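Note on naming: letters A, B, ... go to the chains in the order of the sequence lines (proteins, then strands), and numbering restarts at 1 for each one. In this text the structure is predicted, and so the values were computed from the model without any measurement. These numbers come from the heavy atoms of this one structure, side chains and all, not from hydrogens, waters or symmetry mates.
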Amino acid sequence: MSNGNRAFISLQDLQRNFDEVKSGLTPAEARDESNRCLYCYDAPCIQACPTGINIPSFIKKIASGNLKGSARTIMESNPVGASCARVCPTEELCEGACVLNDSTKPIMIGDLQRYATDWAIKNEQTLFKAGEKNGLKVAVIGGGPAGLSSARELALLGYEVTIFEAKEKAGGLNTYGIVSFRLPQKVSLWEVQQVEKLGVKIKTNTMIGRDIQPEEILANYDAVVLAVGMSKVPMLRIDGEDLVGVHDAIQFVEETKTKELSEAYIGKRVAVIGAGNTAIDAATCSVRLGAENVKILYRRTQEEMTAYDFEFEFAKQDNVEFRWLTAPKRIIGDEKGHVKQLECIRMQLGEPGADGRRGPAPIEGSEFLLEVDVVIKAIGQTRFTDLIESFGLEHQWGTVKVNLETYQTSNEKVFAAGDVIFGDGQGEAMVVTAAQQGKKTAYAIHQALKNSIIETA
Amino acid sequence: MSASQEYFEEKEKIDFLFYRGFRVTRVTENLDGAAVEFERTGAAGQEKEVLHLQTADARKYFSSILFHQQRNLTPAE
Amino acid sequence: MADLRINLAGIESPNPYWLASAPPTNSGYQVQRAFEAGWGGAVWKTLGEPIINTTARFAAVGFNGKKVAGFNNIELITDRPLEVNLKEIYETKKRFPNHAIIASLMVEPNREKWHEIVKRVEDVGVDGLELNFGCPHGMAERGMGAASGQQPDLVEAQTMWVKEAAKTPVIVKLTPNITDITVTARAAVQGGADAISMINTINSLAGVDIDTWNTIPHVAGKGAHGGYCGPAVKPIALNMVAECARNPHINVPISGIGGISAWRDAVEFMLMGAGGVQVCTAAMHHGFSIVEDMIDGLSNYLDEKGISSVQEIIGKSVERYSDWGNLDLNYRIVARINNDVCINCNKCHIACEDTSHQCIDMLTDPNGQKYLEVREDDCVGCNLCSIVCPEDGAIDMIELPQEQPPMTWNERQAVLAGYKDNEREAAK
Ligand SMILES: Cc1cc2nc3c(=O)[nH]c(=O)nc-3n(C[C@H](O)[C@H](O)[C@H](O)COP(=O)(O)OP(=O)(O)OC[C@H]3O[C@@H](n4cnc5c(N)ncnc54)[C@H](O)[C@@H]3O)c2cc1C
Ligand SMILES: Cc1cc2nc3c(=O)[nH]c(=O)nc-3n(C[C@H](O)[C@H](O)[C@H](O)COP(=O)(O)O)c2cc1C
Ligand code: SF4
Ligand code: SF4
Ligand code: SF4
């Protein structure tokens with residue numbers, strides 16, 4: 001495959017490839033676009049935003065030059081609104097619902113949202129004040145979008161909140177999992193800082209189940225929010241998985257966000273297995289690390305692919321090749337134990353299964369070999385089943401069961417939000433739904449504990 | 001000729017007269033601009049010059065000079 | 001957060017935003033919704049003998065794709081019985097005791113009629129009265145509204161009659177359909193007005209339909225002049241407020257009205273002397289919820305500036321507004337083009353070349369790159385190029401060091417008088 005279209009990838013300065021791809025709106029663009037919004041009443045864009053951001057209001061505030069108010073309107077409804085401005089599949093959400101789809105073209109809501117939040121980041125604004133302390137304590141386990149949102153709302157309601165976060169920094173996948181050229185780490189860390197400014201304690205490098213036991217948490221807090229997300233990519237269960245050059249997509253992306261960029265991929269041939277957003281991110285990361293050829297192998301077809309359209313388009317622009325109806329069978333190594341080839345088999349689709357997607361089946365004898373140097377696994381994420389069980393929570397295959405009104409688990413003191421309650425067959429998990437569920441756990445906790453506040457007061 | 005050039009030429013004439021010790025004695029402003037009369041009493045007796053100032057900047061310029069001369073003479077300043 | 005409360009001639013409200021007397025304040029239902037949305041006060045739709053309206057009442061004047069640059073109406077005052085309005089005012093005030101409700105009034109120029117209506121509205125507990133001497137159509141044909149507002153003696157007399165009966169503050173709302181608004185403003189002050197408000201609408205015809213040859217709007221094929229308001233009238237209103245604010249004989253608070261659509265407009269009116277503002281068209285265009293940004297934006301603006309109360313900004317720009325004769329003739333600005341920002345549309349060049357002072361040159365650099373340059377010596381600093389320039393930051397108007405110390409036109413004329421024959425004669 002030719003490298004002709006990839007002139008923008010620099011092999012000299014890899015870091016440049018990881019700068020945010022899309023530039024923000026200029027003030028003139030923001031002025032024009034914000035003035036184009038109709039300021040609809042009972043606007044469908046608001047309904048389509050899982051966190052219910054008052055979109056006409058924040059856009060009007062951009063138009064009127066009240067950028068602080070605009071950022072506050074956004075962040076009020078969505079504590080990770082700056083990240084969402086970049087990673088939400090807006091064409092399926094707010095922009096897809098904009099009334100102007102029926103007359104001209106939809107308002108660029110995501111870009112305007114980024115414009116206002118970028119202003120707040122740049123001008124180091126503090127947007128909220130914590131509520132008066134009500135004497136109750138909540139532990140939030142996991143500092144990703146769900147945990148941060150829950151903590152933010154609880155702090156506004158006056159709770160003393162502690163977030164326990166296994167990693168060095170909070171922010172979850174926004175900080176570690178979504179590629180820098182779509183979501184720079186500093187955006188996610190600003191959101192973390194906004195939550196910290198409300199007096200929320202964030203204990204990083206603290207993994208529950210390892211450093212602190214669930215019993216201790218349950219004993220010391222009035223309520224617990226479980227927002228640990230999901231874990232590693234599962235094993236493919238094929239030969240050769242332990243060869244040098246086989247990677248977990250999430251760890252692979254994380255390294256590009258935390259370490260100096262490796263030059264080991266320059267000129268390499270990469271095969272990514274899976275076709276969700278994680279696969280796409282791993283593939284575009286590989287391109288930006290200088291890989292010569294990057295293929296995505298998926299055992300079903302484009303129809304069943306769960307990646308968002310904008311992600312798919314993005315990968316195509318990066319010259320990522322897609323091989324549909326292709327499954328890996330065996331990874332073959334060279335004498336030094338390095339990946340050398342990938343044996344694949346062609347698939348065909350059968351009848352739709354329980355989840356409505358058509359199941360793939362191998363075509364006998366269709367095996368073929370691909371010459372590759374790197375294999376990246378991106379076939380979903382495993383669950384923190386042990387942790388969930390150590391809290392004694394009911395679950396199904398590691399998905400915590402909750403009451404969808406209250407996000408309460410089988411333990412009435414424990415609430416759960418985000419990817420940890422995200423079930424199979426629901427498409428792709430989203431930051432914005434995690435944020436909304438986080439907010440809801442806070443309201444449910446408040447609902448449940450309100451009376452004891454009055455008692456203690 | 002550019003407007004500024006016209007002004008510079010008129011200004012030069014004003015400056016030159018002031019430099020040679022002329023004083024403004026009379027100003028007539030009409031539809032065609034300003035006629036500014038200058039006089040000095042020197043070795044050659046009473047001398048008189050008239051400038052027809054056409055540019056707005058020159059009409060502003062000479063009046064500025066008169067205004068500030070007067071200011072500086074007023075003891076109250 | 002800054003304190004947004006105002007006190008205008010004794011009328012207090014939680015923020016400076018009042019709905020102007022117009023359709024948005026037609027009923028208790030509407031005013032209560034407005035207060036819920038955050039409006040600080042409302043001037044009730046003008047009360048008087050109930051009228052009959054036409055259908056087809058409004059028309060908008062669009063500009064370059066914006067539908068409501070200006071707004072035109074031929075609506076009259078309230079068409080509902082006084083009794084009904086009073087009952088709703090009473091209920092609304094009871095529900096919102098801290099919000100300002102002002103009754104707008106209009107009756108014939110007759111002392112007894114004014115006394116009667118003043119007494120009836122004050123009995124239900126309004127916070128103030130606003131006399132509508134401004135409605136330019138319909139009512140004016142009947143000798144009320146602008147018709148009486150254009151005659152200083154009638155303004156004074158009617159204000160006086162109202163003051164004889166009124167216990168609450170009296171605001172006189174002035175018509176802009178007059179050459180010098182300070183004349184009627186002074187008449188109001190002489191009549192005892194506690195405050196003045198301006199502007200009511202400006203005589204207008206929104207348009208003519210070039211296919212049917214009907215007026216816009218038309219009522220069964222006929223039209224009549226209406227009143228103009230909305231963003232387009234803001235500069236006219238702002239000047240009128242400023243002229244009154246800087247007039248030493250008009251020393252009463254001013255309620256600013258006309259084209260206020262966002263918090264910045266309100267700040268401008270208040271800097272120019274308004275003690276509070278009233279809004280009609282913007283609410284009609286977008287609904288009551290726009291007040292949320294008006295409040296939030298104003299509050300953030302004040303916080304940003306470290307100002308603790310909105311009342312501190314009232315009139316802060318008034319002393320900077322003066323007569324042309326007091327402007328410094330020796331102040332000098334010129335245009336400067338930033339070629340790294342410029343997008344080479346050449347609009348500045350042609351504007352200057354065709355319609356100003358021919359001082360923006362179109363040049364080509366040694367690399368064949370086109371660029372523009374201002375001959376600063378010839379630039380008169382008119383601002384036109386920077387006005388037509390589509391690109392923020394491409395043209396800066398730069399202050400030059402003054403070659404001559406300041407001198408105003410008035411100062412110039414005073415000094416030249418000593419050199420002019422005719423004036424020397426006159427002085428003798
Ligand atoms: C590569 C990739 C790309 C994505 N792209 C998008 C996208 O473009 N748009 C979009 O909307 N969504 C995207 N997603 C999905 C989105 O990132 C998730 O849905 C979202 O982050 C879920 O939030 P969360 O808070 O539930 O979990 P997470 O973000 O996973 O956060 C969980 C946090 O809990 C911590 N934790 C885990 N276990 C423990 C423990 N035992 N003790 C303490 N802390 C613990 C983790 O370290 C982590 O910080 C993407 C996901 C991936 C993997
Ligand atoms: C439809 C309409 C009806 C109005 N009716 C009245 C009225 O009854 N009494 C009055 O004092 N002003 C009336 N006005 C004038 C407004 O109160 C206000 O002075 C004017 O619209 C300027 O403000 P704006 O630019 O914010 O609209 C009316 C205006 C409109 C548009
Ligand atoms: S639907 Fe579109 S036009 Fe209407 S408020 Fe939302 S973004 Fe604006
Ligand atoms: S807004 Fe439309 S529907 Fe409502 S009264 Fe006016 S013309 Fe009728
Ligand atoms: S109008 Fe502005 S953008 Fe256009 S050529 Fe002039 S300076 Fe450049």
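Taking the side chain as every heavy atom from C-beta outward, C/Q404 and B/Y61 approach each other to under 4.5 Å. Considering only heavy atoms from C-beta on, B/R26 stays 4.5 Å or farther from C/Y419 through its side chain.
Checked against side-chain contact (heavy atoms from CB on, under 4.5 Å), B/S4 has the following partners two or more places apart in sequence or in another chain: B/S2, B/F8, C/D377, C/D378.
Applying a 4.5 Å heavy-atom cutoff, none of the residues of residues 346-373 of chain C approach chain B. Proximity to chain B among residues 323-340 of chain C is limited to C/L329, C/N330, judged by heavy-atom separations below 4.5 angstrom. Below 4.5 Å, heavy atoms of chain C meet heavy atoms from B/R59, B/K60, all part of residues 44-60 of chain B.
Heavy atoms closer than 4.5 Å to chain C are found nowhere in B/T28, neither backbone nor side chain. For chain B, the nearby parts of C/E411 are the backbone and the side chain; heavy atoms of each come within less than 4.5 Å.
Remark: side-chain polar atoms of B/H68 are not paired, donor with acceptor, to backbone N or O of C/M407 under 3.5 angstrom.
Counted within 6.0 Å of CZ on B/R23, heavy atoms from surrounding residues, nucleotides or ligands total 12 or fewer; the atom is thus considered open. Open room surrounds NZ on C/K305; 12 or fewer heavy atoms of other groups in view lie less than 6.0 Å from it.
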With salt bridge (Lys or Arg N to Asp or Glu O under 4.0 Å) as the criterion, how do C/E403 and B/K11 come out once you've worked through the C-alpha distance, each side chain's angles and the decisive distance to 0.1 Å?
CA-CA 13 Å; C/E403 282 169 11; B/K11 176 174 183 283; 5.7 Å; no

Test side-chain contact (heavy atoms from CB on, under 4.5 Å) on B/F67 and C/T408; report intermediate values, then the result.
CA-CA 10 Å; B/F67 174 64; C/T408 69; over 6 Å; no

